[in-house]
Amino acid sequence: MNEVGHVRSPLVRAVYLRMKEDERQRNDDHQYWYSFDRAKVTDDVCERFIQFHQDEETQQFLSNCYEKADWLFTQLYYSVAKSVLGWFMTSTSINGLLRRGSMFVFSQEQLKQLLQIEDGWRGQNLLDLGAGDGEVTDKMARYYSQVYATEVSSTMVWRLQEKNYKILGLDEWDNGTITFDLIGCLNLLDRCNKPMSILHSIRKVLTPGVGKAIVAVVLPFKPYVEQDSKDHSPEEKLLIQGQNFEEQVQFFIKKVFEPAGFNVEKFSRLPYLCEGDLHQSFYMLDDAVFVLKPKS
C-alpha cells in the first residue's frame with residue numbers, strides 16, 4: 001500500500017494530494033505552457049509571435065496560490081459558502097463576494113512587450129470589458145489616465161468601484177461618446193452571447209490612429225454563456241476550426257479578426273491562471289493573447 005492508501009479522511013487525503021502536487025509544480029518551469037510550434041502556421045502569422053516564459057511576476061502569483069491553498073480553515077469556509085450561495089448566485093458573483101478566485105493573464109513585462117510600449121508611456125482612456133475583480137485591469141491601468149470597465153456581476157462591480165474605476169453599462173460603452181486608446185477583452189469572447197458584435201463594437205470605439213485591443217481567448221475554443229442563455233450557448237456562434245492550438249490561432253487571425261476589420265500586431269501563448277482551492281492551489285487554461293489594431 002502506498003502513502004496515499006494510509007490516508008483515510010477525505011479532507012486529509014485531499015490536502016495531502018494537493019501538497020504533493022504543489023511540490024511537483026514548484027520544481028517545474030512550465031515551459032510547455034508557453035510552447036508554440038511555428039511550423040504549424042504560415043510565415044506571416046509566425047513573425048508576429050512573441051515567445052514568453054514563466055517570469056518572476058508569474059512565479060509570485062503561483063507562490064501566492066500555494067500559500068492561500070494552505071489556509072485550511074479559510075478554504076473550508078470558501079467551500080461551504082460556495083455550496084450555499086451557488087443556489088442563487090453565479091460562480092463569478094460568489095468569487096466577488098468572497099474576494100477569491102483572482103485571475104492572472106500576463107505579467108507587467110509581458111504586457112509591455114505585447115503592446116510595444118515602455119515604462120514611461122502614457123495613453124488616455126482604457127476600457128476593460130468584463131473586468132472581474134480588476135486585478136488584471138490594474139496591470140493595464142498604470143499606462144492610462146482614465147480607466148473604464150464593464151461587468152455584469154454586481155459583486156465584481158463593487159470590487160471595481162473600490163479601485164475607483166468608472167463603470168459603464170453594457171449598452172453604454174459602445175455608444176460613441178467615448179473613444180479608447182486600449183480596450184481589454186480578456187477571456188470574454190467564449191463567455192458572451194454575441195462575440196462578433198463585440199468585436200465590431202470594439203473597432204467602432206477605438207481612438208482613430210492609436211487605438212488597440214488586447215484580446216485573450218482560451219483554446220481549444222469552447223463557448224459557455226453563464227447568463228442570459230437557456231442552454232449556455234451563444235446567439236452568435238464562432239465555428240473555430242483547427243486540431244491544435246496553433247491551427248486555432250491561425251483560424252482566429254485569418255477568419256475572425258481580419259474579416260472583422262483588424263490587423264493582428266502581436267500575439268503569444270500564455271497560461272490563464274486562477275487561484276485554487278482545497279484540491280488544487282491553482283487552475284490553468286491555455287490562452288492565446290492577441291493585440292489588434294483596426295485596419296486603415
Side-chain angles (χ1 to χ4, degrees), residues 1-7 9-41 46 48-72 74-76 78-79 91 95 99-114 132-133 135-136 138-139 186-187 190 214-222 242-249 266-290:
M1 186 178 291
N2 59 26
E3 290 179 90
V4 180
H6 291 291
V7 183
S9 164
L11 174 60
V12 174
R13 180 185 176 89
V15 172
Y16 173 82
L17 291 174
R18 178 186 54 75
M19 291 177 68
K20 293 292 286 184
E21 177 63 15
D22 285 355
E23 182 180 354
R24 186 186 73 81
Q25 294 286 354
R26 288 175 191 270
N27 296 317
D28 193 337
D29 62 7
H30 302 112
Q31 291 185 27
Y32 45 91
W33 286 355
Y34 305 87
S35 66
F36 189 82
D37 188 346
R38 297 168 186 248
K40 292 179 179 177
V41 297
C46 183
R48 288 173 272 181
F49 176 72
I50 302 177
Q51 180 66 64
F52 288 125
H53 63 279
Q54 183 172 292
D55 60 13
E56 185 176 347
E57 191 176 335
T58 308
Q59 183 58 53
Q60 184 59 55
F61 179 85
L62 292 174
S63 296
N64 291 340
C65 290
Y66 300 137
E67 180 181 351
K68 289 182 179 181
D70 284 336
W71 299 347
L72 180 59
T74 301
Q75 293 295 344
L76 287 171
Y78 286 157
S79 181
S91 294
N95 285 338
R99 296 180 183 272
R100 68 178 300 276
S102 288
M103 308 291 188
F104 186 98
V105 181
F106 39 64
S107 69
Q108 207 72 56
E109 187 59 37
Q110 290 162 353
L111 175 63
K112 287 193 301 180
Q113 289 189 51
L114 284 164
D133 62 3
E135 290 299 306
V136 180
D138 291 345
K139 296 181 190 297
L186 304 175
N187 302 300
D190 61 345
I214 184 164
V215 179
V217 184
V218 172
L219 299 180
F221 190 73
K222 296 179 179 179
Q243 299 300 311
N244 50 58
F245 186 92
E246 291 82 2
E247 289 178 2
Q248 290 204 2
V249 162
K266 299 290 181 182
F267 75 94
S268 190
R269 179 176 184 169
L270 290 167
Y272 178 29
L273 300 167
C274 175
E275 291 176 347
D277 50 33
L278 273 174
H279 303 280
Q280 282 186 233
S281 293
F282 65 88
Y283 291 88
M284 192 282 291
L285 295 170
D286 291 310
D287 245 356
V289 183
F290 305 88

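Fair warning: this is a prediction, and the values are worked out from it, not measured in the lab. In what follows, every heavy atom counts, from backbone to side chain, and hydrogens, waters and symmetry copies are set aside. One-based numbering along the sequence shown.
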Checklist outcome for this item: So OG of S281 and CG of N64: to nearest 0.5 Å the spacing works out to 11.5 Å
Next on the checklist: Would you compute the distance between atom CZ of F36 and atom CG of D286 and round it to the nearest 0.5 angstrom?
Outcome noted: 12.0 Å
Checklist entry - By salt bridge (Lys or Arg N to Asp or Glu O under 4.0 Å), which residues pair with E135, not counting sequence neighbours? => result K163
Next on the checklist: Are the side chains of V249 and F290 in contact, using a 4.5 Å heavy-atom criterion?
Outcome noted: yes
Checklist entry - Once you round to the nearest 0.5 Å, how far does CG of L111 lie from CZ of F106? => result 5.0 Å
Checklist entry - Would E23 and N27 satisfy side-chain hydrogen bond (donor to acceptor under 3.5 Å, both in side chains), going step by step from the backbone distance to the final call? => result CA-CA 7 Å; E23 182 180 354; N27 296 317; 5.3 Å; no
Checklist entry - What's the shortest heavy-atom distance between N187 and D287, and which atoms? => result OD1-OD1, 2.6 Å
Item to check | Aromatic plane relationship, W33 with H30 - under 30° parallel, 30 to 60° tilted, over 60° perpendicular | outcome: parallel
Checklist entry - So which heavy atom on Q243 is nearest to which on E247, and how close? => result N-OE1, 2.7 Å
Checklist entry - Taking all atoms of both residues into account, what is the closest heavy-atom pair of M103 and C274, and its distance? => result SD-CB, 3.4 Å
Next on the checklist: In terms of relative ring orientation, are F61 and F104 parallel, tilted or perpendicular, with 30° and 60° separating the classes?
Outcome noted: tilted
Next on the checklist: Could you measure the distance from the OH atom of Y66 to the CG atom of D22? Nearest 0.5 Å is fine.
Outcome noted: 6.0 Å
Checklist entry - Quick one: NZ on K222 to CG on L285, what's the gap to the nearest 0.5 Å? => result 9.5 Å
Checklist entry - At what distance, to the nearest 0.5 angstrom, does CD of Q248 lie from CG of L219? => result 5.0 Å
Checklist outcome for this item: Minimal heavy-atom distance between L273 and T58, with the atoms involved, is CD1-CG2, 4.0 Å
Next on the checklist: Can a donor-acceptor pair be found, under 3.5 Å and without considering hydrogens, that links the side chain of E246 to the backbone of V41?
Outcome noted: no
Checklist entry - Taking everything shown except E56 itself, do over 12 heavy atoms lie less than 6.0 Å from its CD? => result no
Item to check | Side-chain donor or acceptor of Q110 paired with backbone N/O of F52 under 3.5 Å | outcome: no
Checklist entry - Is there a donor-acceptor contact under 3.5 Å from the side chain of E21 to the main chain of Q280? => result no
Next on the checklist: Checking D190 now: which residues fulfil salt bridge (Lys or Arg N to Asp or Glu O under 4.0 Å) with it, not counting sequence neighbours?
Outcome noted: none
Item to check | Heavy-atom closest pair, residues S107 and E57 | outcome: CB-OE1, 3.5 Å
Checklist entry - So K40 and N244, side-chain contact (heavy atoms from CB on, under 4.5 Å) or not? Walk me through it. => result CA-CA 9 Å; K40 292 179 179 177; N244 50 58; 3.8 Å; yes
Next on the checklist: Using only atom types and a distance under 3.5 Å, with no angle test, would you say the side chain of R48 pairs donor to acceptor with the backbone of F267?
Outcome noted: no
Checklist entry - Hey, does the side chain of S268 reach the backbone of I50 with a donor-acceptor pair shorter than 3.5 angstrom? => result yes
Item to check | Nearest atoms (heavy-atom pairs only) where F49 meets Y34 | outcome: CZ-O, 4.2 Å
Checklist entry - Any donor-acceptor pair under 3.5 Å linking the side chain of Q54 with the backbone of Q31? => result no
